Amino acid sequence: MSPHVLVLGGTTEARELAAALASRPAVRVTTSLAGRVSRPGAVEGDVRIGGFGGAQGLADWLREHHVDAVVDATHPFAAGITANAARAAAATGVPLVVLRRPGWSAGPGDRWHEAASLTDAATLLPGVGRRVLLTTGRLGLAAFAHLTDLHFVVRSVEPPEPPLPPDMRLLLARGPFTVEDETALLREHRVDVVVTKDSGGTATAAKLAAARHLGLPVVVIRRPPLPQGVTAVPDVPRALNCLGLGPH
Ligand code: NAP
């Protein structure tokens, strides 16, 4: 029978990996999505949507669906599902590959302030700027809700849920973004500080170049650590290699 690979998805890399696996007739691929966005992009192969019910639920799913390997290709900040994947893989003996795009790093001209969490970023913020482009996603904005003296331009794919900062303008948009458009946006809203997660990748990196170009500070939220003993590969070809499915 064809080996069955479960891809934990929600990222560009997961979609690319699913396409690479689906192109191999000898492999069966299922991508799992959390179901957070109302219109997820098209994914090749089978798709299932919604939580598994913790690490135990995921382990049951792996056994029930005869999964031969799991690739955790979730977002670097999706620490809950990554912890569950590590525990479910250990419990079932199903091999786990973690695919994580590399993080961003500051270059000449960048004025970055590192924060350990959203809460830490909110603590730093009043000392760094007054007009904030906040691009950390729609979840967790409660951490900024008490900052009544700051103006926020919040950009997210789906509308965020309250509590939210009171002085806020919402922009619904999905990357990729260009440096020209990001520069224009920062100027239009007279932004004086950008807040971002260290998501890595190219789709949302233009804001960093635009901030550098305009001399603006950026508060960068560091990634949560991987579970103990887990290492990651940085791209789809290396994930395929780990699965024993190098170039064909
Ligand atoms: P999370 O905090 O790590 O996960 C919370 C719970 O959501 C998990 O315990 C699991 O529920 C369910 N879940 C998460 N990802 C899942 C998946 N791919 N398939 C099935 N269930 C999943 O996750 P999150 O930060 O809310 O992110 C949710 C999804 O959005 C992820 O798949 C991630 O790749 C994507 N995403 C996240 C971010 C971000 O900044 N966090 C950004 C872009 C995309 P059960 O315990 O019930 O199994």
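Atoms within each ligand, like the ligands themselves, are counted from 1 in listed order. Worth saying up front: this structure is predicted, and the values here are computed from it rather than measured.
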### Summary
When distances are taken from atom 10 (C) of ligand 1, the protein heavy atom at minimum range is I81 CD1, 4.0 Å
### Among K197, E13, R36, R138, closest by any non-hydrogen atom to atom 12 (C) of ligand 1
R36
### Query
Would you say ligand 1 has an N or O under 3.5 Å from any N or O of H75?
yes
#### Entry: Protein heavy-atom partner closest to atom 11 (O) of ligand 1 - residue, atom, separation in Å
G51 CA, 3.7 Å
### Query
Which protein heavy atom lies closest to atom 19 (N) of ligand 1, and at what distance to 0.1 Å?
S32 OG, 2.7 Å
### Message
Can you confirm whether L245 sits close enough to R24 that some side-chain heavy atom of one is under 4.5 Å from a side-chain heavy atom of the other?
### Response
yes
### Message
So R138 and V157, do their side chains get closer than 4.5 Å, heavy atoms only?
### Response
no
### Task
Determine, considering heavy atoms only, which of G80, G54, A85, G9 sits nearest to atom 46 (O) of ligand 1.
G54
#### Entry: ligand 1 atoms in contact with A79 (distance to a heavy atom under 4.0 Å)
3 (O)
### Query
So which protein heavy atom does atom 44 (C) of ligand 1 come closest to, and at what separation?
G10 O, 3.4 Å
### Message
Please list the nearest protein heavy atom to atom 17 (C) of ligand 1 with its residue and the distance rounded to 0.1 Å.
### Response
A34 N, 3.6 Å
### Query
If you measure from each non-hydrogen atom of A55 to ligand 1, which part falls under 4.0 Å: side chain, backbone, both or neither?
neither
#### Entry: Sub-4.0 Å heavy-atom approach of G50 to ligand 1
yes
### Task
Please determine if R212 and D110 form a salt bridge, counting it only when a charged side-chain N lies under 4.0 Å from a carboxylate O.
yes
### Query
Does an N or O from T136, backbone or side chain, lie closer than 3.5 Å to an N or O of ligand 1?
no
### Protein contact of atom 25 (O) of ligand 1 - nearest heavy atom, named by residue and atom, plus distance
A78 CA, 3.5 Å
### Query
What is the distance from atom NZ of K197 to atom CZ of R223, rounded to the nearest 0.5 Å?
11.5 Å
### Query
Starting from atom 9 (O) of ligand 1, which protein heavy atom do you reach first, and at what distance in Å?
N84 ND2, 3.3 Å
### Proximity to ligand 1 by part of L33, non-hydrogen separation under 4.0 Å
backbone
### Whether W61 and F52 hold their rings parallel, tilted or perpendicular, with breakpoints at 30° and 60°
perpendicular
### Query
If you look at every heavy atom in S156 and G137, which pair is closest and at what distance?
CB-C, 4.3 Å
### Task
Considering heavy atoms of the protein only, find what lies nearest to atom 47 (O) of ligand 1 and give residue, atom and distance to 0.1 Å.
G53 N, 2.9 Å
### Message
Would you say that W104 contacts T196 through its side chain, given a criterion of any heavy-atom pair below 4.5 Å between the two side chains?
### Response
yes
## Note on the structure
Tightest non-hydrogen contact, residues L186 and A211, listed as CD1-N, 3.9 Å
### Query
To the nearest 0.5 Å, what is the distance between CG (L21) and CG (L240)?
5.5 Å
### Working for side-chain contact (heavy atoms from CB on, under 4.5 Å), residues V154 and L141
CA-CA 9 Å; V154 170; L141 299 193; 3.6 Å; yes
